[in-house]
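Below is one structure; the comments refer to it alone.
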Amino acid sequence: MTKKATSETDALTIRTERLRLRMPEIDDFAAYAQLMASPRSVGMGGPFGLRAAWGMFCHDVALWQLFGHGALMIELGETGECVGQVGINHGPLFPEKELGWFVYEEYEGKGYATEAASALRDWAFAALKLLSLVSYIAPGNAASAAVAERLGARLDLTAPRDDPKDLVYRHLAP
């Protein structure tokens, strides 16, 4: 996989073999809000109403200004179609910097989450000089646990977590 990060007017873009990871845009919100309102958001504390989804979307964008990292939308390189999101979360809602991801239902099982998360993880280790990241995964979310394991992360039973039921997978810098 080839990765290239560029800065377009201070907006991070990461390219992989099949994907383009780019800053969120207002046109991304409708699909985001639909996912957050659905039962698929249970592992993130949802379902969420429109007001909460908007707050989360704005949080994802604001993290870039506040911490130098945040969410990127996952686009298919060939078509530009948005298939999900990957991000590094932090702030008062997360005990540690978290690598998180989701893909919209019709795009699951194609490796997009793994490819996007791998690229953002590698960028974070190189650009932010992090020693580790964690992924908080709800029990029963086998698909996300499988992504974390494909990325080489391992369960960390001693990691701090807001929800004591969450599984915490730790990603270590090379």
Side-chain angles (χ1 to χ4, degrees), residues 1-24 28 43-44 56 59-78 80 82-104 107-174:
M1 170 185 342
T2 60
K3 293 178 210 107
K4 181 182 175 194
T6 59
S7 178
E8 298 168 0
T9 62
D10 295 325
L12 179 69
T13 301
I14 299 173
R15 294 184 189 278
T16 69
E17 186 175 323
R18 302 181 299 162
L19 306 173
R20 177 177 174 253
L21 311 180
R22 55 137 178 102
M23 299 296 283
D28 298 319
M44 296 179 270
M56 293 166 62
H59 169 267
D60 294 344
V61 174
L63 285 173
W64 287 104
Q65 182 68 33
L66 299 172
F67 294 104
H69 60 74
L72 296 172
M73 303 312 289
I74 305 168
E75 279 186 348
L76 298 180
E78 288 187 15
C82 185
V83 301
Q85 185 190 75
V86 63
I88 299 173
N89 297 300
H90 196 58
L93 304 178
F94 297 89
E96 295 186 58
K97 290 186 189 304
E98 184 220 19
L99 177 64
W101 53 81
F102 66 77
V103 292
Y104 299 123
Y107 301 102
E108 286 184 342
K110 298 178 183 346
Y112 299 141
T114 303
E115 188 174 329
S118 175
L120 186 58
R121 177 203 61 201
D122 293 351
W123 172 86
F125 288 153
L128 303 176
K129 309 292 188 230
L130 301 178
L131 299 177
S132 74
L133 289 161
V134 296
S135 293
Y136 301 107
I137 299 176
N141 188 342
S144 274
V147 169
E149 290 171 6
R150 279 193 294 277
L151 293 169
R154 297 292 172 249
L155 273 175
D156 183 345
L157 301 176
T158 63
R161 64 202 80 206
D162 283 337
D163 185 337
K165 293 178 275 181
D166 277 348
L167 302 174
V168 182
Y169 281 83
R170 185 162 303 278
H171 308 263
L172 297 174

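Because the structure is a prediction, the values reported are computed rather than measured.
- Nearest heavy-atom pair, G43 versus A138, reported as atom, atom and distance to 0.1 Å: CA-CB, 3.7 Å.
- Ion pair K110/E115 not flagged as a salt bridge, since none of the NZ, NE, NH1 or NH2 atoms sits closer than 4.0 Å to an Asp/Glu carboxylate oxygen.
- Here the straight-line distance linking atom OG1 of T114 with atom CD of E149 works out to 11.0 Å at 0.5 Å rounding.
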(message) Assess the residue pair L21 and T13 against the criterion (side chain to side chain contact (heavy atoms under 4.5 Å, CB included)); give the C-alpha distance rounded to whole Å, side-chain angles, the decisive distance to 0.1 Å, and a yes or no.
(response) CA-CA 6 Å; L21 311 180; T13 301; over 6 Å; no
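- Under the side-chain contact (heavy atoms from CB on, under 4.5 Å) criterion, P92 pairs with no residue at all, not counting sequence neighbours.
- Counting heavy atoms from C-beta on, the side chains of R154 and Y169 never come closer than 4.5 Å.
- Within the 3.5 Å criterion, the main-chain N or O of M73 finds no donor-acceptor partner in the side chain of R20.
- In terms of modelled atom types and a separation under 3.5 Å, the side chain of R161 and the main chain of D166 share a donor-acceptor contact.
- Considering only heavy atoms from C-beta on, F125 stays 4.5 Å or farther from L172 through its side chain.
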(message) For a side chain to side chain contact (heavy atoms under 4.5 Å, CB included) check, start with the C-alpha distance between L72 and Q85, then their side-chain angles and the critical distance, and finish with the verdict.
(response) CA-CA 6 Å; L72 296 172; Q85 185 190 75; over 6 Å; no
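- Residues L63 and I88 have side chains not in contact (no heavy-atom distance under 4.5 Å, counting atoms from C-beta outward).
- Considering every non-hydrogen atom in both A159 and E96, the closest pair reads CB-OE2, 4.0 Å.
- Here the CD1-OG distance, from I14 to S118, works out to 10.0 Å after rounding to the nearest 0.5 Å.
- A113 pairs by the side-chain contact (heavy atoms from CB on, under 4.5 Å) definition with W101, V103, V147, not counting sequence neighbours.
- Side chain of W64 to main chain of A71: a donor-acceptor pair is present (N/O by atom type, distance under 3.5 Å, no hydrogens or angles).
- L130 is listed as a side-chain neighbour of K97, based on a closest heavy-atom distance under 4.5 Å.
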(message) Please determine whether side chain to side chain contact (heavy atoms under 4.5 Å, CB included) holds for the pair L128 and H69, giving the CA-CA distance in whole Å, both sets of side-chain angles, and the decisive distance to 0.1 Å.
(response) CA-CA 8 Å; L128 303 176; H69 60 74; 3.8 Å; yes
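- Counting heavy atoms from C-beta outward, D162 and P95 have side chains that approach closer than 4.5 Å.
- Nearest heavy-atom pair, L120 versus G70, reported as atom, atom and distance to 0.1 Å: CD2-O, 4.3 Å.
- Residues R22 and D28 are paired through a salt bridge, judged by an N-O separation under 4.0 Å between the basic side chain and the carboxylate.
- Here the shortest heavy-atom pairing between A124 and L133 reads CB-CD1, 4.2 Å.
- Proximity of R121 to V86: side-chain heavy atoms (C-beta onward) are nowhere separated by under 4.5 Å.
- Residues L19 and L76 approach most closely at CD2-CD2, 4.0 Å, considering heavy atoms.
- Expressed to the nearest 0.5 Å, how far OG of S135 lies from CG of L151 amounts to 7.0 Å.
- For the pair P160 and V168, the tightest heavy-atom approach, listed with the atom from each and the gap, is O-CG2, 4.4 Å.
- Residues H171 and V134 fail the side-chain proximity criterion, which asks for heavy atoms closer than 4.5 Å.
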